[in-house]
Each structure stands twice: as C-alpha cells, then as structure tokens.
Asker: 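Here it is, the structure in full.
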2 protein chains.
Amino acid sequence: MTSKPDQKHHHGNLRAALVEAGIALLEEGGVEALTLRKCAARAGVSHAAPAHHFDGLAGLKTAIAEEGFRLFSAFMLAALDRGPKTPRGRLKSLCRGYLEFGLEHGGILAVIFGERGLGSLIPGSSREQAHAYLLLREACAPFVPAGTNALIVEVQVWSLIHGFTLLCLAGEFGDGRAPLDEGLFDQVIALLDRLPQASPVANT
Amino acid sequence: MTSKPDQKHHHGNLRAALVEAGIALLEEGGVEALTLRKCAARAGVSHAAPAHHFDGLAGLKTAIAEEGFRLFSAFMLAALDRGPKTPRGRLKSLCRGYLEFGLEHGGILAVIFGERGLGSLIPGSSREQAHAYLLLREACAPFVPAGTNALIVEVQVWSLIHGFTLLCLAGEFGDGRAPLDEGLFDQVIALLDRLPQASPVANT
DNA sequence: CCAACAAACTTGACAGTGTAAAGTTAGGCG
DNA sequence: CGCCTAACTTTACACTGTCAAGTTTGTTGG
C-alpha cells in the first residue's frame, strides 16, 4: 500500500523485468555485458524506457545489487543449513556460502562491490546489505573477545573470504578455469581455526 | 638489443607514451576513464594509432598491468625497507605496502586484477607478476610449517590483504572517504600474529 | 461525461566508445 | 632511384548512455 500499486498500465511492472533481464545478462556475459539497451530489448520495451525507473545505468546497478544481496544472503543461509552447528562450523559455512555465491554469480558480486563501493553508498540497498552483514556479524560474535570491538573480527573474516573469493574469480590460483580446488578453500579458511573462541565452551 | 630498437621514426616510441597516458587517466578518473581514444589524444596521435601497438583495449590494459606491477612491487619493497626486519614485521610491512598501493593507485590495481584475472592470463606480465609474487612468497616462507604446501600460507596472507584492500577501496569500512582508520589495518593484520613461525627462532 | 493532467513509454538525435577497412606518409633497403 | 613495410590517419560502422521532444494511456477533478 505505502509503496507502488504493483503494476501500472502498459507493462505489468517493468522495473522488475528490467532487473531480471539485467541479472540474466550478468550471468551470461559478466559485468561487461550489462547494458541498459539490452535490458530494455529483453523486456520488450524501447531503449529509453529504463530511464523512467532507474537513474541511468548506475541506478539499474543499484537495483540489481539490492536484488543480488537477497541471493547473496540466501547462499550463506543455505551453507549454514548444510554445515555443522558449532560456532566455528557456522563461521566456516558462512564463508563457504560467500565463496560459492561468488563463483556461481561473479557478475552479481562485481555489481554489488563494484566501482566506488556501491555496497555502501546505496541508501536503498542498505537494508538488504544489513541482512547479509548481520549474518556475518552473528557468525563472528562467538569469536569477539570481551571488551574488544566486534568490527575487528568481522573485518578479519570478511577480508579473508572476500579476498579469497575475488582471487579465485580472477583465476590467480589454479592453472586454468578449474571449478575450484576444494581442498584449497578448506586449508585457507583453516586460518580461522586460530581465532580464539570468546565463550568458555571448548567445542570447535 | 634483442627487443625493439627504442624509437622508430614518427613519434619517439609511442607505445610507452600511450601506457603513460593510460596510467594518468587511470589515476585521474579510475578504470572507467581509461579509454583508447583519450590515450591517443593525450599522446597526440589519431584514435586508431594504438591498434598498431596493442591488441585493442584489453591489450593496452595488459601493458598497463605490466607497468603497474613494477609500481606495485616498489610499494611493497618501500614498506619492507621502512619496517622492522623480523619475519613477522616483514610480513606485515609487505601487507602495508599492498594496502598503500591499492589506496593510492586503485585504478591500477583494478586493471591488474580486473575482469577475468588479467593478472594470471597475461603471459607478458607474468615476469613482473612473478616479482611481486616472489616478495609475498619470500615474506611468507618463515611461516610455512615443515612438510606443508607453501601455497596455503601464501594464499591465506594474500586473501586477507587483498580483501581488506578492496573492501577499503569500496568504502565498506569507515563512514565516508576517510583516508583510512590507521588502527583498523593494524588490528586486522594482527590476525597474522596467530600464524605459527616455522623456524625455531622466537622473535616476532 | 469529459477535459485536463501525469505517468509510462516511444522516437529521434547526439556525443562518446571500440574496431575494422581503407588511404597516406616516412624511413629503410635492394 | 624505386619499392616496400611499418606507423599513422582517415573514414566508417555498430554499439553504448543520455537527453529532448512526442505519443499513448490511465486517473482525476469539475
């Protein structure tokens, strides 16, 4: 009610169709293939139609990022579900979901963290970003030493998995386009085994 | 001698001028501002001239990456010079140089690690990349446990500092365009304090 | 009921971009 | 000297984003 009345007259809401087309283009051809005109063509409208729904290409990207964050969170939640329920197991599962999202949807990840920190400068998507960020915050909480800033552990974990994901996407490890040396992720993420657990419980 | 005879006839070698112009554009306007035609204009030649020296825009980017790697290594070497000479101090200084390069030359970093892993798929720049990578390998060596793959520690450190640098560039931490919370780097990089030193010497 | 209005969308145009095909110049070499 | 190859220019084309007008369509006020 408070927001838009669902669909207008011509095209039962075009905005969502454009975002969907944009994501499809992103999956097929990476961030280079994302184009306002191609999105419009896929949605069956003229090339200038998107201007009435987004503020240019940058606006479309923020809208895609907003949607992408949902998928991002879903990947991490799915990994959390599959994995062990210990604090350290949950932290590692979250990272695994992060990596899997990046490898399967590299284009969306590029849009989310693209250019000048779209992830932070979008006011619109900050809610969804907050959701993804809250997952990280929650998983990190058991490893925050009493009296210290929780941000530190969060940034440590975030930097590690973010860097690993991007370096994998850039093909820095592995000879070619290998899907991923499954062992490498486990061995690299094992660095988090050295994070001391704050709560007195000793299970890993 | 074995390579090109320095300068030809018209423009005392244009290739270097184009790379220089490209780097300048990169510094001024980021990776979006890097354009074949603008490079050509800056070098005072026609817009199709670069085609005789690079294989399109991608080729120019690989040439810039090749040059950028030199600057990259120089930043890490400078940080190594300034810092303490203990194994752990050297490792942290390397990371500091990595971050400083990224913050000061974000455009070049984006080109180096841009798109589909230019950093790895360029055969031409692999020598320079090897140089930068050797610095990392060297700094990590004291922390490689006997009998384990050195790659693991290297990727751990690389992922951490790479992710932290990119997240800083994306403005994910800090409210706005703050140059950098100096303390945050130290606190995050302190994660490396937990890497056990392989050699029996106990100095940090 | 209908005229006015606003929003969605189209059409057309313009400045950039990469890139390919030609033509032009200039230095090297038989 | 005459050619020839490389460097460079000119021209052209298919794209891109973006703006300024029109045109349609649904709503709304009188």
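Per chain, numbering begins at 1; letters A, B, ... match sequence-line order. This is a predicted model, so every value here is computed, not measured.
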Asker: Where the side chain of B:Ala49 is concerned, which of C:dT17, D:dT10, D:dC8 is the nearest nucleotide?
Answerer: D:dC8
Asker: Is it the case that the side chains of B:Trp158 and B:Tyr133 hold a donor-acceptor pair, with the cut-off being a distance below 3.5 Å and no angle test?
Answerer: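 No, no side-chain donor-acceptor contact under 3.5 Å.
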Asker: Rounded to the nearest angstrom, tell me the gap between atom CG in B:Asp55 and atom C1' in C:dA20.
Answerer: 13 Å
Asker: Compute the ring centroids of A:His105 and A:Phe75, then answer whether they are less than 6.0 Å apart.
Answerer: yes
Asker: Would you kindly give the NE2-to-P distance between A:His47 and D:dC15, to the nearest whole Å?
Answerer: 14 Å
Asker: Please give, in whole Å, the distance from C:dT19 P to B:Lys38 NZ?
Answerer: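 So the two atoms are 15 Å apart, to the nearest Å.
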Asker: Tell me which nucleotide among D:dT9, D:dG17, C:dT10 gets nearest to the side chain of A:Leu57.
Answerer: D:dG17
Asker: Can you measure A:Phe54 atom CZ to C:dC9 atom P for me and round it to whole angstrom units?
Answerer: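 Atom-to-atom, A:Phe54 to C:dC9, this comes out as 11 Å.
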Asker: Mind calculating the distance between CZ (B:Arg15) and C1' (D:dC8) to the nearest angstrom?
Answerer: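 Roughly 17 Å, once rounded to whole Å.
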Asker: OP1 or OP2 of C:dA7 less than 4.0 angstrom from a side-chain nitrogen or oxygen of A:His53, does that happen here?
Answerer: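 No, no such contact exists.
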Asker: Measure the distance from CG on A:Leu60 to C1' on D:dT18 and round it to the nearest whole Å.
Answerer: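 Taking CG of A:Leu60 and C1' of D:dT18, I get 14 Å after rounding.
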Asker: Write down the atom of A:Ala43, the atom of A:Leu18, and the distance for their closest heavy-atom approach.
Answerer: CB-CD2, 3.9 Å
Asker: Nearest to the side chain of A:Arg37, heavy atoms from C-beta on, is which of D:dT10, D:dG17, C:dT11?
Answerer: D:dG17
Asker: Give the C-alpha distance, both sets of side-chain angles, the deciding distance and a yes or no for salt bridge (Lys or Arg N to Asp or Glu O under 4.0 Å) between B:Lys61 and B:Glu66.
Answerer: CA-CA 8 Å; B:Lys61 282 182 177 175; B:Glu66 200 166 344; over 6 Å; no
Asker: Contact class for A:Thr35 vs. all strands (heavy atom < 4.0 Å): base, sugar-phosphate, or nothing?
Answerer: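 Touches sugar-phosphate only.
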Asker: Nearest to the side chain of B:Leu36, which nucleotide is it out of D:dC8, C:dC9, C:dT19?
Answerer: C:dT19
Asker: Would you kindly give the NE2-to-P distance between B:His52 and C:dT25, to the nearest whole Å?
Answerer: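 Taking atom P of C:dT25 as the reference, NE2 of B:His52 is at 15 Å.
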Asker: Looking at OG1 of B:Thr165 and CG of B:Leu99, how far apart are the two atoms once the value is rounded to the nearest 0.5 Å?
Answerer: 4.5 Å
Asker: In whole Å, I'd like the distance from the CD atom of B:Glu32 to the C1' atom of D:dT16.
Answerer: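 So the CD-C1' distance, B:Glu32 to D:dT16, works out to 13 Å.
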Asker: Which of the following nucleotides, C:dA21, D:dA20, D:dT16, is nearest to the side chain of B:Ala48?
Answerer: C:dA21
